Amino acid sequence: MNESVTVAAEAPRYNFREAEPRWQRAWAERGCFRVADVPTDNKPKYYVLEMFPYPSGKIHMGHVRNYTLGDVVARYKRARGFAVLHPMGWDAFGLPAENAARERGIHPAKWTWDNIAAMRAELQRMGLSLEWEREFATCDPAYYGHQQKLFLDFMRAGLVERKESWVNWDPVDGTVLANEQVIDGRGWRSGALVEKKRLSQWFLKITDYAQELLDALDTLDRWPERVRLMQAKWIGRSEGARLDFALATPVDGIAAVEVYTTRPDTLFGMSFLALAPEHPLSAAVAARDPKAAEFIAECRRMGTSEAVIETAEKRGHDTGLRVRHPFLKDTTYPVWIANFVLMEYGTGAIFGCPGHDQRDLDFARKYKLDVVPVVLPPGEDPAQFTVGDEAYVGPGTIFHSDFMNGLDVEAAKGAVIAELERLGVGRGEVNWRLRDWGVSRQRYWGCPIPVIHCDGCGVVAVPDEQLPVKLPDDVTFDRPGNPLDHHPTWKHVACPRCGASARRETDTFDVFVDSAWYFARFCSPHADLPVLREAVAHWMPVDQYIGGIEHAILHLLYSRFFTRAMKRTVHLDFEEPFAGLFTQGMVTHESYRSAPGPNGAWLYPDEVTKQPDGSAVHRDTGEPIVVGRVEAMSKSKRNTVDPEAIIGRYGADTARWFVLSDNPPDRDMEWTEAGVAGAFRFTQRVFRLVETFGDAPTEAASDAGRDLRRVTHRTIVAVSEALDSFAFNVAVARLYELANAIADAGIAPGVGAARREALEMLVRLVAPMMPHLAEEAYLRMHPGAATLVADLPWPDADPDLLVADTVTIAVQVMGKLRATIVRPPNCGEEANAAAALSEPNVVRALEGRTVRKTIYVPDRIINFVAA
RNA sequence: GCGCGAGUGGCGAAAUGGUAACCGCAGGGGUCUCAAAAACCCCCGGAGGAAACUCCUUGCCGGUUCGAGUCCGGCCUCGCGCACCA
């Protein structure tokens with residue numbers, strides 16, 4: 001055919017319905033994405049991981065976005081010559097399975113495994129380059145048994161503690177929540193107001209690593225700054241002092257109150273001491289003072305919901321007790337119980353210095369307590385300075401403070417601590433906002449905590465050889481509480497130590513334990529140990545982790561801790577699990593209501609027909625519909641689009657392409673029907689272009705051919721750079737340009753070879769994003785070829801073709817663009833300036849002026865500075 | 001309140017301190033068609049002008065620079081996170 005390529009009048013359409021499953025089978029059959037647990041070759045490794053899904057039953061657009069991003073990285077790195085580990089599994093324990101059991105009578109295990117099967121099939125239809133041989137679910141004893149082993153190892157290493165503590169109790173879910181799972185005073189799942197309750201709980205000692213977890217954030221240079229800041233704030237290091245205030249008269253043997261402060265320098269500005277309502281001394285007071293008891297009960301009822309905190313006044317109850325100042329022998333202060341003091345932080349007691357703390361000031365004003373300023377702001381007159389409605393928290397000079405007078409704030413802190421230590425009533429102390437991680441949950445569908453309670457021996461670990469402690473299948477959900485606790489036989493066991501009858505722990509682990517080490521298990525998912533040391537040594541850390549920002553604290557912090565704990569227990573030998581982290585934005589959509597305001601029922605997008613003017617009507621009834629805000633897809637607002645339907649209608653490649661093309665991946669993207677349709681058009685367009693591939697030409701290349709080659713090779717560079725920097729939308733734009741350039745070059749004489757090259761590169765560069773289309777197109781271009789695009793290396797650009805044969809130079813006068821000149825490259829300043837000065841527009845702009853200076857940026861800009 | 005982002009055409013956006021708006025979406029006009037779809041071609045920040053071209057334009061004000069969307073200072077707005085943490 002040579003140059004006379006015939007373009008069929010009816011270009012055959014790319015049949016994705018037939019092609020996509022065929023290529024998915026081809027990749028699977030060839031085992032394209034398989035790697036060894038412990039490879040023997042010396043290919044560089046790259047571990048790409050997307051946060052594994054909870055098996056809710058259906059994938060949503062957030063999954064499509066997440067897994068598409070990860071797949072582009074995986075396929076690109078693979079083409080770049082890396083051995084890529086890219087696994088998938090299921091975060092399969094959790095409450096929804098139990099809710100299904102309660103509401104619909106389906107066993108949690110059946111519900112979960114059925115959901116997994118459905119979602120696996122959906123993910124497979126996306127054409128992800130996953131190694132399904134590594135798949136596991138956390139609800140499988142083959143996984144959680146190893147988790148129990150890890151827990152016991154942590155226990156032996158002193159990283160586990162059982163203690164009675166105030167817990168966040170979710171009355172709806174009937175379980176304990178970690179601090180991290182309480183949002184605005186409500187349970188993260190149920191939304192119920194959280195109550196305070198005292199319970200015996202298992203804790204993992206994450207606080208042992210507080211300093212390390214904080215310090216190491218600095219080493220995570222491929223994490224978003226935002227996430228590092230959030231973690232640093234969550235860990236919340238503060239420096240201060242812990243000190244004792246002796247009670248003037250002891251109560252129930254309590255002789256002193258311990259206080260934590262970050263402002264020991266303001267100790268002489270004290271005017272009261274305040275206790276948390278849950279403080280033991282508060283309880284002692286309440287035992288003999290009904291009014292105190294009533295106040296404490298009130299505080300407990302108030303909870304900590306956002307609404308309450310916003311409006312809550314500082315309130316307190318004067319206990320009548322007095323404490324002595326540590327340095328002033330005969331001075332005493334009143335002891336209050338106050339609603340704004342938190343038992344969980346510091347010691348649950350504070351000294352109030354109203355002059356330099358806003359909360360203390362509010363409290364003091366309300367209860368008419370003294371306000372004594374002790375820090376003098378710079379430039380203020382000590383005789384004049386008073387505190388009004390705003391506490392002074394800035395720097396200054398200490399006054400009214402005995403031996404510290406004249407010191408600055410920092411020096412005074414040191415001086416007070418030294419004096420406290422000398423007197424033996426206090427010391428400097430670093431305090432943390434981070435609490436130990438309470439992992440006990442009173443639930444069935446979780447990993448059993450592998451311990452046994454024996455009346456004689458106390459808490460006894462389940463011997464390793466008895467692991468896994470499996471969940472019983474025969475449980476009932478007919479009453480509230482923990483089905484494991486209700487089970488007739490499961491918890492009754494013999495004590496492994498003394499043989500006496502004993503009770504199994506019926507609490508299960510928080511699901512965040514399950515996800516705190518799964519990334520390591522993926523390296524050797526079938527090993528008899530939790531992890532194979534050589535496998536994790538090879539594959540870890542995860543080079544690129546991708547997921548939602550909502551896990552910025554909980555999951556990522558727990559995983560960082562778990563990795564350290566696994567290092568201490570010699571399961572692995574590194575600290576940080578995720579070298580690179582990328583947090584994607586949400587997928588959003590317009591929302592629709594049948595009528596304005598809260599009375600309008602939410603409508604699904606496919607119930608709505610958009611009118612050309614942007615308004616909307618009901619698909620069936622034609623009734624007008626209210627188009628609402630664009631917001632995150634959610635079931636409650638019904639503004640969801642089902643990925644299954646999109647893939648069925650347009651194909652996986654179209655869905656992938658659209659999700660990548662719309663905007664930068666860290667921002668929220670809006671899903672629009674028009675956008676998907678545009679992506680679909682491009683798939684067909686690429687395929688039509690491929691039909692013009694033709695036979696290898698024999699004629700010489702034309703100028704147009706050479707120009708097309710330049711575009712092609714510049715595109716290789718541009719797409720590579722874009723993919724390297726997660727600028728997938730830019731990569732997409734450059735590929736559209738290449739397609740446009742191929743179409744523009746057409747089938748004119750002398751472009752044949754260039755077009756063949758351009759088409760082949762287009763297909764190979766598109767492959768990480770639209771892998772099925774790439775394979776199908778490649779096969780069209782090379783009929784009978786056994787090569788898969790998935791196995792081709794990433795193309796290299798020819799450096800000679802990156803050099804343009806003409807350059808366009810902007811000519812500015814006084815920084816304003818006056819002309820552009822097209823020149824051969826490397827003419828030099830003098831020649832280019834001469835050419836620029838002969839431009840009529842430039843001459844006009846320089847009329848009546850003299851050029852005083854010429855700024856020349858080679859082959860880019862000439863700027864004449866004139867006076 | 002504190003911390004972090006972000007403000008660029010009708011919309012999503014692009015732009016090593018160097019020609020602002022690549023590319024896509026939407027829209028308008030056209031070709032083909034009995035018609036529609038598809039496809040293809042043209043236009044598409046604002047103002048002025050017949051045109052050449054000129055002026056304005058990256059939230060606002062100022063600064064640095066030959067040159068600022070980009071750097072610096074101050075404000076405004078929006079979003080997100082944290083929030084009685086002593």
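Computed from a predicted model, the values in this text were never measured in an experiment.
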Note to self: Return whichever of A/Phe340 or A/Ala679 has its heavy-atom-nearest nucleotide of RNA chain B closer to the 5' end.
What the structure shows: A/Ala679
Item checked: 5'-most by nearest nucleotide on RNA chain B - A/Tyr736 or A/Thr820 -> A/Thr820
Margin query: Is it true that A/Arg818 and A/Gln812 share a donor-acceptor pair across their side chains at a distance under 3.5 Å?
Written below: no
For [X] and [N], give me the distance from atom [atom1] to atom [atom2], rounded to whole Å.
{"X": "A/Trp336", "N": "B/rC84", "atom1": "CH2", "atom2": "P", "value": "22 Å"}
{"X": "A/Glu721", "N": "B/rA15", "atom1": "CD", "atom2": "P", "value": "11 Å"}
{"X": "A/Glu839", "N": "B/rU19", "atom1": "CD", "atom2": "P", "value": "17 Å"}
{"X": "A/Leu735", "N": "B/rG24", "atom1": "CG", "atom2": "C1'", "value": "13 Å"}
{"X": "A/His279", "N": "B/rC85", "atom1": "NE2", "atom2": "C1'", "value": "16 Å"}
{"X": "A/Arg263", "N": "B/rC85", "atom1": "CZ", "atom2": "P", "value": "14 Å"}
{"X": "A/Phe363", "N": "B/rA86", "atom1": "CZ", "atom2": "C1'", "value": "13 Å"}
{"X": "A/Asp362", "N": "B/rA86", "atom1": "CG", "atom2": "P", "value": "16 Å"}

Applying a 4.0 Å non-hydrogen cut-off, can you work out what [X] is touching in the nucleic acid: base, sugar-phosphate, or nothing?
{"X": "A/Gly675", "value": "nothing"}
{"X": "A/Asn663", "value": "sugar-phosphate"}
{"X": "A/Arg818", "value": "sugar-phosphate"}
{"X": "A/Thr854", "value": "nothing"}
{"X": "A/Arg685", "value": "sugar-phosphate"}
{"X": "A/Asn431", "value": "nothing"}

Taking the same atom, [atom1], in [N] and in [M], what whole-Å distance lies between them?
{"N": "B/rA68", "M": "B/rG79", "atom1": "P", "value": "32 Å"}
{"N": "B/rA20", "M": "B/rU16", "atom1": "P", "value": "14 Å"}
{"N": "B/rU8", "M": "B/rA21", "atom1": "C1'", "value": "7 Å"}
{"N": "B/rA83", "M": "B/rG3", "atom1": "P", "value": "16 Å"}
{"N": "B/rU57", "M": "B/rA52", "atom1": "C1'", "value": "22 Å"}
{"N": "B/rG45", "M": "B/rG10", "atom1": "C1'", "value": "10 Å"}
{"N": "B/rG74", "M": "B/rU64", "atom1": "C1'", "value": "15 Å"}
{"N": "B/rC34", "M": "B/rG46", "atom1": "C1'", "value": "43 Å"}

Notebook entry, point to check: Is the number of heavy atoms from other residues, nucleotides or ligands within 6.0 Å of CZ (A/Arg226) greater than 12?
Noted result: no
Next item on the list: Anything under 30° is parallel, anything over 60° is perpendicular, the rest tilted; go ahead and classify A/Phe16 against A/Phe680.
Entry: perpendicular
Check: Should the pair A/Glu631-A/Lys637 be classified as a salt bridge under the 4.0 Å nitrogen-to-oxygen rule?
Finding: yes
Checklist line | Pair A/Glu344 + A/Arg433, salt bridge at N-O below 4.0 Å | finding: no
Next item on the list: Verify the ring-centre separation between A/Trp671 and A/Phe658: is it less than 6.0 angstrom?
Entry: yes
Check: Out of B/rA13, B/rC82, B/rC85, which nucleotide sits closest to the side chain of A/Leu342?
Finding: B/rC85
Next item on the list: Would you mind telling me which of A/Tyr367, A/Tyr333, A/Phe363 makes a ring-ring contact (aromatic ring centres under 6.0 Å, His included) with A/Phe272?
Entry: A/Phe363
Notebook entry, point to check: Going through the distances and angles, do A/Glu239 and A/Arg237 end up as a salt bridge (Lys or Arg N to Asp or Glu O under 4.0 Å)?
Noted result: CA-CA 7 Å; A/Glu239 284 179 30; A/Arg237 183 191 151 101; 2.7 Å; yes
Check: What is the minimum heavy-atom distance between A/Leu773 and A/Asp653, and which atoms define it?
Finding: N-OD2, 2.7 Å
Notebook entry, point to check: Taking the chi torsion of B/rG5, is it syn (within 90° of 0) or anti (everything else)?
Noted result: anti
Item checked: Presence of A/Lys314 side-chain N/O under 4.0 Å of B/rA86 phosphate oxygens OP1/OP2 -> no
Margin query: Could you spell out the base pairing of RNA chain B as a dot-bracket line? Use Watson-Crick and G-U wobble contacts where both distances are under 3.5 Å, [ ] for crossing pairs, | for partners on a different strand.
Written below: (((((((..(((.....[....))).(((((.......))))).((((....))))..(((((..]....))))))))))))....
